[in-house]
Chemist: 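To start, I am sharing the structure in question, which I have written as structure tokens.
Only a predicted model underlies this, so the values are computations on that prediction, with no experimental measurement involved. Letters A, B, ... mirror the listed sequences (proteins, then strands); counts begin at 1.
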2 protein chains.
Amino acid sequence: MSATSGTRFLVFITGASRGFGRCLALEAARKWGPAVDMHLIARNAEALTAVKRDIEASLSDQSKIGVRVWTWPFDLGNLETLEPNFARIFATVDEFSAEQESTAMIMHKYGNVYLFNNAGSVGPIAYAKDLCTDLPALRQSLDLNLTSSILITSLFLRRFCTLSSPSNKVPALFIINISSMAAIQPFHSWGVYCAGKAARDMFLQVVAQEHQGEGSARGEGSMAGGMSVHLKTLNYAPGPLDTDMQIELRESESIHPPTREWSEKAFREGWLVRPEESASKCLRILTKNDFKSGVHIDYYDDM
Amino acid sequence: MSATSGTRFLVFITGASRGFGRCLALEAARKWGPAVDMHLIARNAEALTAVKRDIEASLSDQSKIGVRVWTWPFDLGNLETLEPNFARIFATVDEFSAEQESTAMIMHKYGNVYLFNNAGSVGPIAYAKDLCTDLPALRQSLDLNLTSSILITSLFLRRFCTLSSPSNKVPALFIINISSMAAIQPFHSWGVYCAGKAARDMFLQVVAQEHQGEGSARGEGSMAGGMSVHLKTLNYAPGPLDTDMQIELRESESIHPPTREWSEKAFREGWLVRPEESASKCLRILTKNDFKSGVHIDYYDDM
């Protein structure tokens, strides 16, 4: 049974205002367009509104009716505010999907629920020996790239798993970490980024293990057929994307020169992956839904 | 050339007041006893003093003369205080080893310098969905288990690598992360610990890469033979140790029951590894010094 068998899609994307997050939002609207509610989160309110407009402009009149987009401008690196902010988002989910129905009924309406932990920053780019010169930057990076992603995952699980029981028809839940080659391979002058990505991958492996055995015995399937709640996690490395992050790498003065040269050459010679293509591949993997929960999949992997 | 060829050993151990850190200190004194300066760091001043006494009691009168131990009671989780605290430690290193000689001469005196990033906490032990209920515990754990270890590594590199140049006879530097099976394998209800350990492993892989090519071409060797500074990192997983951490696991109410049962059974049936034995193995690996920099080595691996 594929992951598209539910009645309606509910999608949360962090870092949705630009780059890969923006492409995920556009792609989700296009692919799941007839029936998707999207909650887009990022710091920049104007950029989020622009993404919402872009989504609406990209859809046919018929699809537009079925696509609802909410924008949530706040800073994910501000950990103390995450819980109240997500409480506001979840309250909106309830309000706009319940139509006076009970909470259990909300779960009936959504067939598949996706959380894309995409937000992240590229820095600090510095050799290990220089990291101690800027403790605030180090903490800020770990807050945004690691701690917030753990916290958001936890809030999501608490909200959507608590309601689930084998006696309810409940949806398929997916948590997707936008990972990187840097999660499994070290890169000069990028220690904090690599460490954070490795930690995120491992955290979703643990979540996958904690929810093993839910859904079908083979770890596949969806809400169809009276199965119990089904949660899967995916660590998706989107490839070297042609986004602002690559520009930051190309322009960084503190990066290991060979890495910068690679980045410049990749740009000049057109090796970078179009984020639209990678977002499309990510959604294909999720829709096909035959991946092992917790696995790390790279854009270049055969799927 | 083995790593023991230097003139004198300089050793830093975090979390040295008990458990594996304490055993590392005792073992380092025993093994490198004729000529070792040790700086032991932990929160508990009394426990640190007791470890110092235990070290002195364990040595012959002759060895005692050559073993000097300093204790540094402070909280490694308090990130803002790490830089000034390590500045005090490094000032003491200078004062007590220089004997009026120049800084370059200090480096001559120490043949091998070791930093053991051992400090860590076991918690929070909780399923992912429950982590959001205690943000302070989550942050505290990542501060102590991840951020402080990155920061200390950075301070160490800055202090000892800056002085190094190919024209000086400089020592072999080793940074050892006390890792865990949890760095490479997920464990139920232990997501933050696993994520932190995975991140620490990756961080030292990056440090290894940043210092690749220093020392001998094969990445082996020591300060002998006029070679330039030589830095290697090691991720050492000490095995399931018979320490307070296992007691915490056995007594935790929030841990995944099968994990607790395994821990109880391991204790009852004597599977746990004696920390003295594991510390001894760690030091043998370092002395032999034929490991690849950045590698993860488990107590159970053949070496």
Chemist: Roughly how far, to the nearest 0.5 Å, is the CZ atom of Phe174(A) from the CG atom of Leu231(A)?
Modeler: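 The CG atom of Leu231(A) sits 8.5 Å away from the CZ atom of Phe174(A).
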
Chemist: Could you have a look at Ile184(A), Asp201(A), Val206(A) and say which one has the most heavy-atom pairs with chain B under 4.5 angstrom?
Modeler: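 That would be Val206(A).
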
Chemist: Counting heavy-atom pairs closer than 4.5 Å to chain B, which one of Ala128(A), Ala126(A), Cys194(A), Ala198(A) comes out on top?
Modeler: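 Of the candidates given, the most pairs with chain B belong to Ala128(A).
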
Chemist: Need one label for Asp143(B): side chain, backbone, both or neither, based on atoms under 4.5 Å from any heavy atom in chain A.
Modeler: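 Answer is side chain: those atoms of Asp143(B) sit under 4.5 Å from chain A.
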
Chemist: Please flag which part of Ile150(B) lies under 4.5 Å from any non-hydrogen atom of chain A: side chain, backbone, both or neither.
Modeler: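 For Ile150(B), the side chain is the part near chain A, not the backbone.
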
Chemist: Examine whether an atom of Gln205(A) lies under 4.5 Å from a heavy atom of chain B, and if so say whether it belongs to the side chain, the backbone or both; otherwise answer neither.
Modeler: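 For Gln205(A), the contact with chain B is made by backbone and side chain together.
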
Chemist: Could you state the interatomic distance from NZ (Lys292(A)) to NZ (Lys232(A)), rounded to the nearest 0.5 Å?
Modeler: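 NZ of Lys232(A) is found 10.0 Å from NZ of Lys292(A).
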
Chemist: Which of the residues Leu204(B), Thr153(B), Leu151(B) is involved in the greatest number of heavy-atom pairs with chain A at under 4.5 angstrom?
Modeler: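 Highest number of heavy-atom pairs under 4.5 Å: Leu151(B).
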
Chemist: Non-hydrogen atoms of chain B under 4.5 Å away: do they reach the side chain of Leu146(A), the backbone, both or neither?
Modeler: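 Side chain only.
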
Chemist: Within this structure, what is the CG-CD1 distance for the pair Leu115(B) and Ile176(B), rounded to the nearest 0.5 Å?
Modeler: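 Here the interatomic distance stands at 7.0 Å.
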
Chemist: Which atom pair, heavy atoms only, marks the closest approach of His188(A) to Glu210(B)?
Modeler: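 Nearest heavy atoms, His188(A) then Glu210(B): CD2-CA, 3.6 Å.
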
Chemist: Using every non-hydrogen atom in the two residues, find where Ser149(A) and Arg200(A) come nearest and quote the distance to one decimal.
Modeler: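 For Ser149(A) and Arg200(A), the tightest heavy-atom pair comes out as OG-CG, 3.7 Å.
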
Chemist: Where do His211(B) and Cys161(B) come nearest, in terms of heavy atoms and distance?
Modeler: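 Between these two residues, the closest heavy atoms are CE1-SG, 3.8 Å.
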
Chemist: Locate the shortest heavy-atom distance separating Asn145(B) from Gly123(B); write the atom from each residue and the value.
Modeler: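 For Asn145(B) versus Gly123(B), the nearest heavy atoms are ND2-O, 4.3 Å.
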
Chemist: Let me confirm one number: the CD1-CG distance from Ile285(A) to Asp290(A), rounded to the nearest 0.5 Å.
Modeler: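 Atom-to-atom, Ile285(A):CD1 and Asp290(A):CG are 9.5 Å apart.
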
Chemist: Where does Gln209(B) contact chain A at under 4.5 Å (heavy atoms): side chain, backbone, both or neither?
Modeler: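 For Gln209(B), the contact with chain A is made by backbone and side chain together.
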
Chemist: If you tally heavy-atom pairs under 4.5 Å against chain A, which of Gly196(B), Gly294(B), Ser189(B) wins?
Modeler: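 Highest number of pairs under 4.5 Å: Ser189(B).
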
Chemist: Identify which part of Ala208(A) has an atom lying under 4.5 Å from any heavy atom of chain B, answering side chain, backbone, both or neither.
Modeler: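 Ala208(A) has no heavy atom closer than 4.5 Å to chain B.
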
Chemist: Please classify the contact between Gln185(A) and chain B as side chain, backbone, both or neither, with a heavy-atom cut-off of under 4.5 Å.
Modeler: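 The backbone, not the side chain.
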
Chemist: Mind ranking Ala199(B), Ala195(B), Ser154(B) by heavy-atom pairs under 4.5 Å with chain A and telling me who comes out on top?
Modeler: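 Result: the option with the highest number of such pairs is Ser154(B).
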
Chemist: Testing the basics here: between Ser180(A) and His296(A), what is the closest heavy-atom pair and its distance to 0.1 Å?
Modeler: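 It is O-CE1, 3.4 Å.
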
Chemist: Could you look at Leu142(B) and say if it's the side chain, the backbone, both or neither that has a heavy atom under 4.5 Å from chain A?
Modeler: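 For Leu142(B), the side chain is the part near chain A, not the backbone.
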
Chemist: Taking side chain as everything from C-beta outward and backbone as N, CA, C, O, which of these in Leu135(B) sits under 4.5 Å from a heavy atom of chain A? Side chain, backbone, both or neither.
Modeler: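 The side chain, not the backbone.
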
Chemist: Run the ring-centre check on Phe156(B) versus Phe86(B) and record whether the distance is less than 6.0 Å.
Modeler: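 Between Phe156(B) and Phe86(B), the centre distance exceeds or equals 6.0 Å.
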
Chemist: Answer with side chain, backbone, both or neither: which region of Leu155(A) has an atom nearer than 4.5 Å to a non-hydrogen atom of chain B?
Modeler: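 Both backbone and side chain.
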
Chemist: Pick whichever of Thr147(B), Ile152(B), Val207(B), Val192(B) has the most heavy-atom pairs under 4.5 Å with chain A.
Modeler: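 Heavy-atom pairs under 4.5 Å are most numerous for Thr147(B).
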
